[in-house]
Protein chains: 2
Amino acid sequence: MTIQTRRERERAERERLIVTAARELAEAEGWDAVTTRRLADEIEYSQPVLYSHFKGKGAIMAAVAVQGCEELAEELRAARTAAGSSREALAAVGRAYTAFARRRPALYDVIFTLAVDLPFATPEAPAALQDAFGELLQAVRPIAAEGEDMGALTETYWAGLHGLVTLMRSGRLPEEAHDRRLALLISHFVPQGTG
Amino acid sequence: MTIQTRRERERAERERLIVTAARELAEAEGWDAVTTRRLADEIEYSQPVLYSHFKGKGAIMAAVAVQGCEELAEELRAARTAAGSSREALAAVGRAYTAFARRRPALYDVIFTLAVDLPFATPEAPAALQDAFGELLQAVRPIAAEGEDMGALTETYWAGLHGLVTLMRSGRLPEEAHDRRLALLISHFVPQGTG
DNA sequence: TCTTGTCCCTAGCGCTGCTAGAAACGGAGA
DNA sequence: TCTCCGTTTCTAGCAGCGCTAGGGACAAGA
């Protein structure tokens with residue numbers, strides 16, 4: 001019994017170790033550097049151990065994505081609740097979102113860009129993903145016009161932020177004008193005369 | 001002399017053959033299926049021949065990207081010039097952009113998502129890229145407010161379109177609400193009372 | 001016919017994600 | 001204490017990737 005629980009505890013610990021190692025390696029050197037061999041070295045086990053915890057590399061990345069998304073959701077919430085007005089809340093959430101993407105590019109990539117087998121846009125989506133989207137939704141709600149589709153509006157705002165981030169990070173948009181673009185996006189989403 | 005020119009002609013032809021094969025294979029089975037071995041099979045030459053024409057796989061993809069971008073620019077221009085009002089032009093360009101992305105996902109990926117070594121956002125960028133951006137710019141110009149940064153505004157609109165497309169194509173946004181989201185994006189970029 | 005220079009293919013390098021089969025280890029019963 | 005058994009973990013290897021070195025075939029000119 002206790003032996004069994006100890007083993008389970010150790011297994012769970014090692015699983016966390018794998019996810020942490022993957023995340024740190026990705027944040028330090030990018031996802032290209034995260035190979036199963038490298039990861040195995042990092043945790044001081046052999047490759048097949050990884051596969052006794054996860055179905056494959058994609059599942060490890062998915063675990064990192066969920067973890068990262070929790071942090072994103074927290075940061076969005078902090079930005080939103082600290083804002084004075086609903087207009088400011090929308091802006092603050094937008095800034096927090098893009099700031100997260102720029103500060104933690106590897107996390108952003110694995111959550112929003114790379115192909116990981118996670119369910120999105122369905123009730124089965126991980127709670128962290130739904131939480132993050134919920135933060136956007138709450139920031140968008142007050143500035144929505146009468147009878148406007150809340151979900152679609154939030155998705156559109158999200159798409160704007162995501163587009164800014166990905167085009168900039170891939171070098172397709174110059175970095176220096178980011179703040180101006182973000183301000184434009186926000187101002188176009190806030191109806192005139194809303195505070 | 002004539003022998004020389006014949007050889008050059010044949011080489012140029014084979015180069016086109018490579019780009020076409022890469023493009024068709026990507027459009028048929030996605031970029032994951034485009035391997036140098038597969039491509040060599042397709043053109044009925046051995047792998048090293050590819051490298052006598054292009055520096056590497058990335059350069060082949062870049063060639064496809066430029067070709068695809070020319071088509072995108074044409075479609076954007078057609079949509080823009082066919083529109084009646086400036087408001088309609090903006091909407092038409094937006095629809096044409098997202099329609100292109102959905103109809104030719106492999107081309108869209110290689111132009112705007114995958115990492116290819118092409119210069120962006122600089123004067124050295126391929127003409128096709130600048131043309132496509134120019135179409136967006138011309139569609140955005142009439143609806144810009146007095147003294148607004150045209151370039152940044154266009155980039156922001158572009159980012160909105162790009163975000164919609166990428167999030168949808170990766171399964172992060174549901175397909176069915178695309179038209180509604182696109183309409184929202186457009187309506188938020190058009191100042192009230194502009195025709 | 002022989003030489004020269006170009007062209008192209010075979011074979012292979014080091015890497016990837018992933019896995020089969022053997023080895024080593026830890027706990028239980030004699 | 002020794003042996004057995006089940007689990008855990010490792011070594012070794014597969015098929016595939018992008019890319020390239022080196023040699024062989026082939027065509028043009030002497």
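Every chain is numbered from 1 and lettered A, B, ... according to where its sequence line falls, protein lines coming before strand lines.
Distance CD1 (B:Ile18) to P (C:dC8): 10 Å, rounded to an integer number of Å. A straight line from NZ of B:Lys57 to C1' of D:dT20 spans 17 Å, rounded to a whole angstrom. The separation between B:Leu50 atom CG and C:dC7 atom P is 16 Å, rounded to whole Å. Summarising the geometry, the separation between CD on A:Glu10 and C1' on C:dC25 is reported as 14 Å, rounded to the nearest angstrom. Here C:dC9 presents its C1' atom at 13 Å from CD1 of B:Ile43, a figure rounded to the nearest Å. For B:Leu114 and D:dG18, the CG to P distance is 13 Å, given to the nearest whole Å. Residue A:Leu39 contributes atom CG, which lies 9 Å from atom P of C:dG17 at whole-angstrom precision.
Within the structure, every side-chain polar atom (N or O) of B:Tyr51 is placed at least 4.0 Å from both OP1 and OP2 of D:dT20. OP1 or OP2 of C:dG17 lies within a sub-4.0 Å distance of a side-chain N or O belonging to A:Thr36.
In this structure a side-chain-to-backbone donor-acceptor pair under 3.5 Å is missing from A:Gln67 to A:Val64.
Here B:Asp131 does not pair with B:Arg77 in a salt bridge; the nearest charged N to carboxylate O distance is not below 4.0 Å. With respect to B:Arg181 and B:Glu176, no salt bridge is recorded, no charged nitrogen being found less than 4.0 Å from a carboxylate O. A salt bridge links B:Arg16 to B:Glu13: at least one charged side-chain nitrogen sits closer than 4.0 Å to a carboxylate oxygen.
Listed nucleotides D:dG18, C:dT16, C:dT19 differ in distance to A:Thr35; the shortest reach to its side chain belongs to C:dT16.
At a cut-off of 3.5 Å, with distance as the only test, no side-chain donor of A:Arg87 or A:Ser85 sits close to an acceptor on the other residue. Residues B:Thr35 and B:Arg37 have side chains that never bring a donor and an acceptor to within less than 3.5 angstrom of each other. A:His162 and A:Tyr108 are linked by a side-chain donor-acceptor pair at a separation below 3.5 angstrom, with hydrogens and angles left out of the test.
For B:Arg37 and D:dG16, a side-chain-to-base donor-acceptor distance below 3.5 Å is absent, hydrogens and geometry of angles not being considered.
The heavy-atom pair separating B:Leu137 from B:Met150 by the smallest distance is O-CE, 3.8 Å.
Qualifying salt bridge (Lys or Arg N to Asp or Glu O under 4.0 Å) partners for A:Glu27, counting only residues two or more places apart in sequence or in other chains: A:Arg23, A:Arg104. For B:Asp149, the salt bridge (Lys or Arg N to Asp or Glu O under 4.0 Å) criterion is met by A:Arg180, not counting sequence neighbours. Listed by chain and residue number, nothing satisfies the salt bridge (Lys or Arg N to Asp or Glu O under 4.0 Å) test with B:Glu88 (two or more places apart in sequence, or in another chain).
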Scan nucleotides 8-10 of chain D against the protein and return all N/O pairs shorter than 3.5 Å with their distances rounded to 0.1 Å.
| residue | atom | partner | partner atom | Å |
| --- | --- | --- | --- | --- |
| D:dT9 | OP1 | A:Arg14 | NH1 | 3.2 |
| D:dT9 | OP2 | A:Arg14 | NH1 | 3.2 |
| D:dT9 | OP2 | A:Arg14 | NH2 | 3.1 |
| D:dC10 | OP2 | A:Ser46 | N | 3.0 |
| D:dC10 | OP2 | A:Ser46 | OG | 2.8 |

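Within residues 22-33 of chain A, no residue has a heavy atom under 4.0 Å from DNA chain C.
Recorded end-axis angle for the helix from C:dT1-D:dA30 to C:dA30-D:dT1 stands at 40°, based on five pairs per end and rounded to 10 degrees.
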